[in-house]
Amino acid sequence: MRSKIVAGNWKMNLSQQEAKALCKEVNNMNIGSEIEVYIFPPMLYVSDCKAISTHVKVGAQNAYPKDTGAFTGEVSMWQLKEAGIEAVLIGHSERREYFNEDNALLKQKLDAALAHGIKPFFCCGEPLEIRQNGTFLEYVKKQLVESVFHLSAEDFSKVVLAYEPIWAIGTGQTASTEQAEEMHAAIRSWIEEQYGKEIAENSSVLYGGSCNPGNAQALFACENVDGGLIGGASLKAADFSVLVAEGTWTILN
Ligand code: PEP
């Protein structure tokens, strides 16, 4: 059975005190055993959050594929592992857009994360013009082919995918359930082509893009949506706890 996951991407937000306080609140939420909750705080606070969390998993929003060396400003997967960090976001659209991360670099990051036993959350998704010109399925498939589908079946089984249409991230405009389900079903069919039915059925594919307490239940109830990667709504404990509860509710019903 595939894992159901609700994950919060805090991006470059919060002071250290605010991050620690939010981490405590998330950790105190009523999280059923049917669901996994991850938080991705800013890099400076991952160790603080790790020290506080008992059952919420802590990940980094980024890391570099080389282990050590002259890469000023970067933090490696190897260093994350040493600090007890369990997961890493790879391929978030903001990294692709503002830091020019391409499919080839993301492939290296994915390989490095897996080599160090860190769970990769690999993000894919199309910009607005690609949604509008109708080539969004091909666009997302290319992202997966060029960065992910070289993995062995064993390694691929450790990856969480997150479909995040760029036009829905931070815009308040979410994908409709039909749009989300169409893409998620397509992603699962490509996984099946590549790795077979069993792995496809057991792969977690999250939705991200303006998920909030008002729309999460419908999105999470889609057959091929296994939870969410949440940006803005993960910064408020009250909103995030509704999303965690929606995830749990959807699984139980
Ligand atoms: C994200 O950045 O991964 C995200 C989904 O953001 P938001 O929920 O704010 O759209």
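FYI, side chains are in, hydrogens and waters are out, and symmetry mates aren't considered; it's all heavy atoms of this structure. For ligands, and for the atoms within them, numbers begin at 1 and follow the listed sequence.
Where the criterion is an N or O separation shorter than 3.5 Å, residue side chain and backbone included, Gly170 meets it with respect to ligand 1. For the pair Thr171 and ligand 1, the shortest N or O to N or O distance does not fall below 3.5 Å.
Side-chain polar atoms of Tyr195 and Glu154 form no donor-acceptor pair below 3.5 angstrom. Residues His92 and Asn62 have side chains that never bring a donor and an acceptor to within less than 3.5 angstrom of each other.
When only non-hydrogen protein atoms are considered, atom 9 (O) of ligand 1 lies nearest to Gly232 N, 2.8 Å. In terms of protein heavy-atom proximity, atom 8 (O) of ligand 1 is nearest to Gly231 N, 2.8 Å. Counting only heavy atoms of the protein, atom 1 (C) of ligand 1 lies nearest to His92 NE2, 3.2 Å.
When each atom of ligand 1 is checked for a heavy atom of Gly209 under 4.0 Å away, the hits are 5 (C), 10 (O). Residue Leu229 approaches ligand 1 through these ligand atoms, each under 4.0 Å from one of its heavy atoms: 3 (O), 5 (C). Shown in contact with Ala168 at under 4.0 Å from a heavy atom are these atoms of ligand 1, numbered in order with element: 10 (O).
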Verdict with reasoning, Lys81 to Asp67, per salt bridge (Lys or Arg N to Asp or Glu O under 4.0 Å): CA-CA 11 Å; Lys81 184 66 184 176; Asp67 285 355; over 6 Å; no
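At a 4.0 Å cut-off, not a single heavy atom of Ala162 sits close enough to ligand 1 to count as contact.
Not a single ring pair (Phe, Tyr, Trp, His ring centres under 6.0 Å) links Phe122 to another residue, sequence neighbours left out.
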